Amino acid sequence: MVVMKSAVLQPPGTPAMSAAVPSRAPAHPACAHCLALADDPRRREPHPCLALHNTAPLVSQSAAGVPFSMLSFRCRECGTAWRLYDRANELFVSWVPEHPLVR
């Protein structure tokens, strides 16, 4: 029997998530703002419902030595937690939900 594994693309420095680990957040539908952000995760501006968690970014580097910073946000409307990854000298950023979005 052949077992297929799908590749999961994650920003540098993010821990690998196991499919067997249950989500701590209750499953509730994401708001229209969060769904739009998920559809266009490379835009710079957060939607107005996102609240910044800590004002200081977490600065680290990938396994390849590429420096990046990460900020945490939470949606005031639906509660979805987001991580904003930004690399030095890069035009685009990467918005990553903490948990898979429920549509």
Side-chain angles (χ1 to χ4, degrees):
M1 179 162 88
V2 176
V3 177
M4 301 284 290
K5 290 184 179 181
S6 63
V8 176
L9 298 177
Q10 294 179 333
T14 56
M17 293 177 26
S18 171
V21 177
S23 172
R24 293 182 196 156
H28 50 80
C31 68
H33 300 292
C34 287
L35 292 175
L37 185 58
D39 290 340
D40 185 16
R42 294 179 65 173
R43 67 179 177 185
R44 284 222 166 250
E45 305 84 26
H47 64 75
C49 296
L50 288 181
L52 180 64
H53 270 253
N54 297 319
T55 56
L58 169 70
V59 178
S60 188
Q61 62 179 317
S62 69
V66 178
F68 70 94
S69 62
M70 191 256 316
L71 289 169
S72 297
F73 292 83
R74 184 166 303 273
C75 180
R76 293 180 186 106
E77 193 170 314
C78 67
T80 301
W82 289 90
R83 294 179 182 143
L84 173 63
Y85 293 94
D86 190 9
R87 287 184 290 229
N89 302 321
E90 290 282 329
L91 178 61
F92 294 104
V93 297
S94 181
W95 289 94
V96 180
E98 222 173 76
H99 302 285
L101 296 182
V102 177
R103 294 186 183 260

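When a residue number appears, it is its place in the shown sequence, counting from 1. Model, not experiment: these values are computed from the prediction.
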**Report entry** Joint cluster assignment, Val96 & Phe68, ILVMFWY side-chain distance < 4.5 Å
**Finding:** yes
Requested in this report: Go through the structure and list residues passing ring-ring contact (aromatic ring centres under 6.0 Å, His included) with Trp95, not counting sequence neighbours.
Outcome: Phe73
Query - Shared hydrophobic cluster, Trp82 / Leu58 (ILVMFWY, side-chain heavy atoms < 4.5 Å) - result: no
Report task. Test His47 against Cys75 for side-chain contact (heavy atoms from CB on, under 4.5 Å), laying out the working first. Result -> CA-CA 9 Å; His47 64 75; Cys75 180; 3.8 Å; yes
Query raised in the report: With no hydrogens and no angle check, is any side-chain donor or acceptor of Arg74 less than 3.5 Å from a backbone partner on Gly79?
Result: yes
Query raised in the report: If you take all heavy atoms of Leu71 and Pro57, which pair is closest and at what distance?
Result: CD2-CA, 3.5 Å
Query raised in the report: Can you list every salt bridge (Lys or Arg N to Asp or Glu O under 4.0 Å) pair that touches residues 44-53, not counting sequence neighbours?
Result: Arg44-Asp86
Query raised in the report: Which pair of non-hydrogen atoms, one from His33 and one from Cys49, has the smallest distance, and what is that distance?
Result: CD2-SG, 3.7 Å
Report task. Using salt bridge (charged side-chain N to carboxylate O under 4.0 Å, His left out) as the criterion, list what pairs up with Asp39, not counting sequence neighbours. Result -> Arg103
Query raised in the report: How far apart are the closest heavy atoms of Ala51 and Arg76, and which atoms are they?
Result: CB-NH2, 3.6 Å
Query raised in the report: Which atom pair, heavy atoms only, marks the closest approach of Leu101 to Ala30?
Result: CD2-CB, 4.1 Å
Report task. Please report the shortest heavy-atom distance between Glu77 and Cys31, naming the atom on each side. Result -> OE2-CB, 3.3 Å
Report summary line: Heavy atoms of Ala36 and Arg43 approach each other most closely as C-NH2, 4.1 Å
Requested in this report: Walk me through it: do Leu84 and Leu50 pass the test side-chain contact (heavy atoms from CB on, under 4.5 Å)?
Outcome: CA-CA 11 Å; Leu84 173 63; Leu50 288 181; over 6 Å; no
